[in-house]
Amino acid sequence: MDCLVACLSSPSIHGARNRRASASDIFEVTILDYFRLPGGKMIMRDLLMHLSSTVGGLMIIVTLFQNNFPPHLGDLLQKYTSKLVRLLYPYIQITFPEYTGERLKKSDVYTAIQNYLTEKATTGAKKLRADTLKDSQSLVLSMDDNEEVTDEFQGTKLWWSSNKIIPCSMSMSVYPATEERRFYRLMFHKHHRDLITGTYIKHVMSEGKAIALKNRQRKLYTNNPSDNWYGYKSNKWSHVVFEHPATFDTLAMEPKKKQEIMSDLKKFSEGKEYYKKIGKAWKRGYLLYGPPGTGKSTMIAAMANFMNYDVYDLELTAVKDNLELRKLLIDTSSKSIIVIEDIDCSLDLTGQRKKEKKKDDDEDEEGKGDPAKKMKEEEETKASKVTLSGLLNFIDGIWSACGGERIIIFTTNFIDKLDPALIRRGRMDKHIEMSYCFFEAFKVLAYNYLDVESHPLFGTIEAMLKETNMTPADVAENLMPKSSTETPETCLRSLIKALEEAKEEAARKKAEEEEEAKKKAEEEEEEAKKAEEEEKAKESEAKHAAKSIEEAKENGLVANGKLEEEKVNVKGNGVTN
Ligand SMILES: Nc1ncnc2c1ncn2[C@@H]1O[C@H](COP(=O)(O)OP(=O)(O)OP(=O)(O)O)[C@@H](O)[C@H]1O
Ligand SMILES: [Mg+2]
């Protein structure tokens, strides 16, 4: 009761809105809303103040009655008061909370409304929030918390308000700022119920989505450590604006292969109905593999730009367990690419079984083991308990279907290291090999870096690329002019020089390897010979011993007991009679 009185007499009822709400504030907001009089403009503040204090008084009286009179009288009073309020207040309100599904996921409806109201807010609201849009060139203004705007639809007036409340909590929280709840509230006259619930809300959704598409600023996300996931509006992902300039045009790759990937992506983006028909979740997995510097990460950027998707760069080592992995997945939006780079390094996904075995072997060899090493191992185990099966579930378990229209990409330098289950078709539907630079890829780089489509030196380069393995990254580095005096010709010549050096280096390495292999083979041969000789020596020794016993037996020089003893010794040396 004290709380109620304090609330009604508080200056905040007429003024400050941007502050933390208590239970009394919720009541305050309700009263303000109930007596908000629709008009051409928004609230007439004086009248509102009047009405709110009148009803506030009325509510106090009702509460007093309820507390101090017999229950049946209190109930009666409550009933008539409600009737009176309904009579005075013929408006309907709909609330759209920011989060849905046990607060796991941001509501699409809320986002659509937010976009829809952006344009209304610029003209209607008094408190606006400014965000930068594409290329940080333009500003977009949206409604601030606890602000209101009017809308009109087919001659009907409606009122939107953005609300933020932080409920009073009796418990002491370590994370005080995370309990705030945002929601939009739509208010309209009860006569227009059908129009609003039937047509208007659909109109808001489609407009909001169209605006979002128009203003879409793609994002590059990275996962936060779970220690920062507190509160229901937990930030599992942090993001920056995705601004990578790579496209399929600038990607150095065989044109046929490039075209094939682009068609595959296009088919996927148009495949909503098809995926539904075949009963498959609308997602596709790509495995990009190849040596470092062959363009795997560049390819991902080109794909994101081609598809106009967001990118979620998932750092698996920061994920503690399978449950966290699932939560991260649920928190990704559709039209996105989820990337796990260098999957072979992220976790020991070559199979947990091998890891177990290796650990056993190590322990056998090293007795109790080095304490520092043990601590490090323990630390690693603590850091991530994501298992292969957790990752498999992440890719195509039941949860992977929520959201739809998602691409999952793994990259690796060593495809052979991965567990076959992880990369089988259906999980990683398309395997793309990123290879060393061939002539077709070189031409793309030459055009990108030097603006040349043909040159007399191209023939030499083509021949050299056939003989030498050089990554597109190295080719690109050699083609890039290092000073303003460099011309395309000097750059191409520096590439030829680099290719010659690379060829020599490769030949030297090959010779070294061959030498090494030869040496190893010789050593092995030597060892085998030695082992054979040892074996032979043992055999002859045993034969000799057996012969001596035979002789002794024949000569009757050795007693029976002694003979038996000798026999045992001979058996011990690997010879049986
Ligand atoms: N196929 C390519 N087309 C265009 N540029 C490329 C290509 N490959 C490499 N590059 C250039 O080389 C740089 C390194 O390439 P990128 O990071 O994509 O290689 P990566 O395969 O992801 O390497 P890693 O395995 O080490 O992650 C890029 O910034 C890009 O400029
Ligand atoms: Mg990379």
Side-chain angles (χ1 to χ4, degrees), residues 220-223 240 242-262 264-265 285-307 309 311-318 337-347 349-350 407-418 422-423 428 430-453 458 461-462 465-466 468-482 488 491-492 494-495 498-499 502:
L220 171 63
Y221 293 87
T222 185
N223 49 313
V240 292
F242 181 75
E243 290 176 316
H244 202 296
T247 63
F248 275 105
D249 286 339
T250 62
L251 188 71
M253 197 180 203
E254 204 186 310
K256 206 171 135 226
K257 210 164 150 189
K258 215 184 321 190
Q259 195 54 48
E260 190 190 309
I261 297 165
M262 284 158 80
D264 193 87
L265 288 168
Y286 289 85
L287 173 72
L288 306 184
Y289 67 96
T294 47
K296 297 178 292 297
S297 305
T298 313
M299 164 73 91
I300 295 168
M303 282 177 160
N305 286 330
F306 179 69
M307 301 290 276
Y309 281 6
V311 177
Y312 287 85
D313 188 4
L314 178 61
E315 180 50 58
L316 258 193
T317 47
I337 299 180
I338 301 169
V339 180
I340 304 181
E341 289 251 40
D342 298 316
I343 183 85
D344 50 303
C345 309
S346 300
L347 285 179
L349 293 171
T350 49
I407 289 176
I408 298 174
I409 302 182
F410 288 172
T411 73
T412 181
N413 295 142
F414 308 99
I415 189 172
D416 300 336
K417 274 195 184 177
L418 302 179
L422 188 65
I423 56 171
M428 291 292 112
K430 200 166 169 56
H431 295 189
I432 301 169
E433 182 179 7
M434 303 301 288
S435 61
Y436 289 110
C437 193
F438 294 115
F439 186 57
E440 290 297 336
F442 156 76
K443 282 206 289 190
V444 177
L445 292 175
Y447 184 69
N448 289 349
Y449 286 78
L450 304 172
D451 275 330
V452 288
E453 282 182 88
F458 272 22
I461 293 172
E462 182 176 9
L465 284 172
K466 274 186 195 152
T468 319
N469 281 343
M470 187 177 264
T471 62
D474 286 337
V475 172
E477 180 54 29
N478 282 296
L479 288 180
M480 192 184 266
K482 311 288 178 313
C491 292
L492 290 172
S494 91
L495 173 64
L499 280 165

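Both ligands and their constituent atoms are indexed starting at 1 by order of listing. We're numbering straight along the sequence, starting at 1.
Looking at T250, L251, T298, it is T298 that brings a heavy atom closest to atom 15 (O) of ligand 1.
In terms of protein heavy-atom proximity, atom 9 (C) of ligand 1 is nearest to G293 O, 3.4 Å. The shortest contact between atom 7 (C) of ligand 1 and any protein heavy atom is with P472 CB, 3.5 Å. With respect to atom 26 (O) of ligand 1, the closest heavy atom belonging to the protein is P292 CB, 3.5 Å. Of the protein's non-hydrogen atoms, Y449 OH, 3.7 Å is the one closest to atom 31 (O) of ligand 1. Protein heavy atom nearest atom 5 (N) of ligand 1, with residue, atom name and distance: L445 CD2, 4.0 Å. Among protein heavy atoms, the minimum distance from atom 1 (N) of ligand 1 is reached at A252 O, 2.9 Å. For atom 13 (C) of ligand 1, the nearest protein heavy atom (residue, atom name, distance) is A473 CB, 4.1 Å. In terms of protein heavy atoms, atom 27 (O) of ligand 1 is closest to S297 OG, 4.0 Å.
Looking at G295 next to ligand 1, an N or O pair under 3.5 Å apart turns up. No N or O atom of D342 sits closer than 3.5 Å to an N or O atom of ligand 1.
In the vicinity of K296, heavy-atom distances shorter than 4.0 Å reach the ligand 1 atoms 18 (O), 19 (O), 20 (P), 21 (O), 22 (O), 23 (O), 24 (P), 25 (O). Listed by number with element, the atoms of ligand 1 under 4.0 Å from a non-hydrogen atom of N413 are 25 (O).
Salt-bridge check for E440 with K257: failed, with every basic side-chain N at 4.0 Å or more from each acidic carboxylate O.
At a threshold of 2.8 Å, the Mg ion (ligand 2) has a backbone or side-chain N, O or S atom of S297 nearer than that distance.
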Could you check E341 against S297 for side-chain hydrogen bond (donor to acceptor under 3.5 Å, both in side chains), going step by step and ending with a plain yes or no?
-> CA-CA 8 Å; E341 289 251 40; S297 305; 2.8 Å; yes
Please test I409 against M299 for side chain to side chain contact (heavy atoms under 4.5 Å, CB included), starting from the C-alpha separation and ending with a verdict.
-> CA-CA 10 Å; I409 302 182; M299 164 73 91; over 6 Å; no
Please report the C-alpha distance between I261 and F248 in whole Å, then the side-chain angles of each, then the deciding distance to 0.1 Å, and finally whether the side chain to side chain contact (heavy atoms under 4.5 Å, CB included) criterion is met.
-> CA-CA 10 Å; I261 297 165; F248 275 105; 4.0 Å; yes
Side chain to side chain contact (heavy atoms under 4.5 Å, CB included) between E433 and H431, intermediate numbers included = CA-CA 7 Å; E433 182 179 7; H431 295 189; over 6 Å; no
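Without hydrogens or angle criteria, S494 side chain to N478 main chain gives a donor-acceptor distance under 3.5 Å. Of the possible polar contacts, none joining the K296 side chain to the M434 backbone as a donor-acceptor pair under 3.5 Å is found.
Nearest heavy-atom pair, D344 versus T411, reported as atom, atom and distance to 0.1 Å: OD1-O, 4.3 Å. Minimum interatomic distance between T298 and L251 (heavy atoms only, all atoms of both residues): CG2-CD1, 3.9 Å.
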